[in-house]
2 protein chains.
Amino acid sequence: MTKQRREVYGLLLEDASHPTANDVFRKVQDRMPQISLATVYNCLEALVTHGLVNQVNFDREPSRYCANLQEHVHFHDEASGRIHDIEFKDGADIMDFLNLPEGAEITEMELTIRGKLPSRD
Amino acid sequence: MTKQRREVYGLLLEDASHPTANDVFRKVQDRMPQISLATVYNCLEALVTHGLVNQVNFDREPSRYCANLQEHVHFHDEASGRIHDIEFKDGADIMDFLNLPEGAEITEMELTIRGKLPSRD
DNA sequence: AATCTTAATTAGAATAATTCAAAAATCACC
DNA sequence: GGTGATTTTTGAATTATTCTAATTAAGATT
Ligand SMILES: [Mn+2]
Ligand SMILES: [Mn+2]
Ligand SMILES: [Zn+2]
Ligand SMILES: [Zn+2]
């Protein structure tokens, strides 16, 4: 854990907005004006490799980063543009919904949903 | 439907390997040597816009294209590198597994799985 | 058939997220 | 405090995709 990695990680822990590498760069710059974008990419890669952070991809958009380690899916709200974490119901197992061939092993799963959330007025 | 679009679409109908734009380009060139990569991108975009073809994204890899219009998810086999279409079980509804907020509307959903399929020996 | 109209294709340049390479800085340990 | 390993920094390279401008093709109209 270097200073820069701690800074990037700390930001992701308190910012659940699923920022892009560039978002992270701009925000970390407030506290470390000399940090470079390449370092942010390096830090994010290190955090992802060590399993502290998830890299989240939406279509061909820039990758976003998420420090929520709970298994969850991503809901992309078309109205606000915001991304929300959605958890599975207790006991839900995705294997129960799919016609997977006998003996298939799942390493990793990514579910993203696009839609509208009810406005909070 | 232009000649080029028909050619690209025909290829995708008979090739379920989820080829990239570049894969499509190389294969269509056999039958239309003068076609350009930009045209392949244009044709794919037109087919996607008109709902005949799905654009499939895996992490940050190049987009792949799929003419299977049945609702399905993608299983990326780590051993072979191949992508397989997996269907939902009858009556399965993803909303039943998720803690979605009251009133959320789903426009679109994408589920990709990475794992190992049993080898077919 | 010749002309007009519109949309599609082509070739090549531009874009933008990400990665890479080399040099400078930092760190860990003796 | 020196030495080797790791990280950061800067700036250049990469690469999938998009854009631009010019050309071609396809239909419709005379
Ligand atoms: Mn963002
Ligand atoms: Mn391919
Ligand atoms: Zn998340
Ligand atoms: Zn498919």
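Each chain gets a letter, A, B and so on, in the order its sequence line appears, and its residues count up from 1.
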[atom1] of [X] versus [atom2] of [N]: gap in Å, rounded?
X: A/Glu45; N: D/dT6; atom1: CD; atom2: P; answer: 15 Å
X: A/Lys3; N: D/dT9; atom1: NZ; atom2: C1'; answer: 13 Å
X: B/Ile35; N: C/dA8; atom1: CD1; atom2: P; answer: 14 Å
X: B/Tyr41; N: D/dT15; atom1: OH; atom2: P; answer: 13 Å
X: B/Arg26; N: D/dA16; atom1: CZ; atom2: P; answer: 11 Å
X: B/Met1; N: C/dA7; atom1: CE; atom2: C1'; answer: 16 Å
X: B/Arg64; N: D/dT17; atom1: CZ; atom2: C1'; answer: 16 Å
X: B/Glu61; N: D/dT14; atom1: CD; atom2: P; answer: 21 Å

Check whether any side-chain N or O of [X] sits under 4.0 Å from OP1 or OP2 of [N], and answer yes or no.
X: B/Thr2; N: D/dA26; answer: no
X: A/Ser63; N: C/dT18; answer: yes
X: B/Arg60; N: D/dA16; answer: no

Nearest-nucleotide pick for [X], side chain only, options being [options]:
X: B/Gln34; options: D/dT17, D/dT7, C/dT10; answer: C/dT10
X: B/Gln4; options: D/dT9, C/dT10, C/dT18; answer: C/dT10
X: B/Ala38; options: C/dA8, C/dA11, D/dA25; answer: C/dA11

Worksheet item: Between A/His76 and A/Phe58, does the ring centre distance come in under 6.0 Å?
Response: yes
Item to complete: Compute the ring centroids of A/His72 and A/His74, then answer whether they are less than 6.0 Å apart.
Response: yes
Heavy-atom closest pair, residues [X] and [Y]:
X: B/Phe25; Y: B/Leu37; answer: CE1-N, 3.4 Å
X: A/Cys43; Y: A/Arg5; answer: SG-CG, 3.5 Å
X: A/Thr112; Y: A/Asn57; answer: CG2-O, 4.3 Å

Discussion item. Please classify the nucleic acid contact of B/Asn42 as base, sugar-phosphate, or nothing, using heavy-atom distances under 4.0 Å.
Written reply: base
Worksheet item: Of A/Pro62 and B/Thr39, whose nearest nucleotide on DNA chain C comes first from the 5' end?
Response: B/Thr39
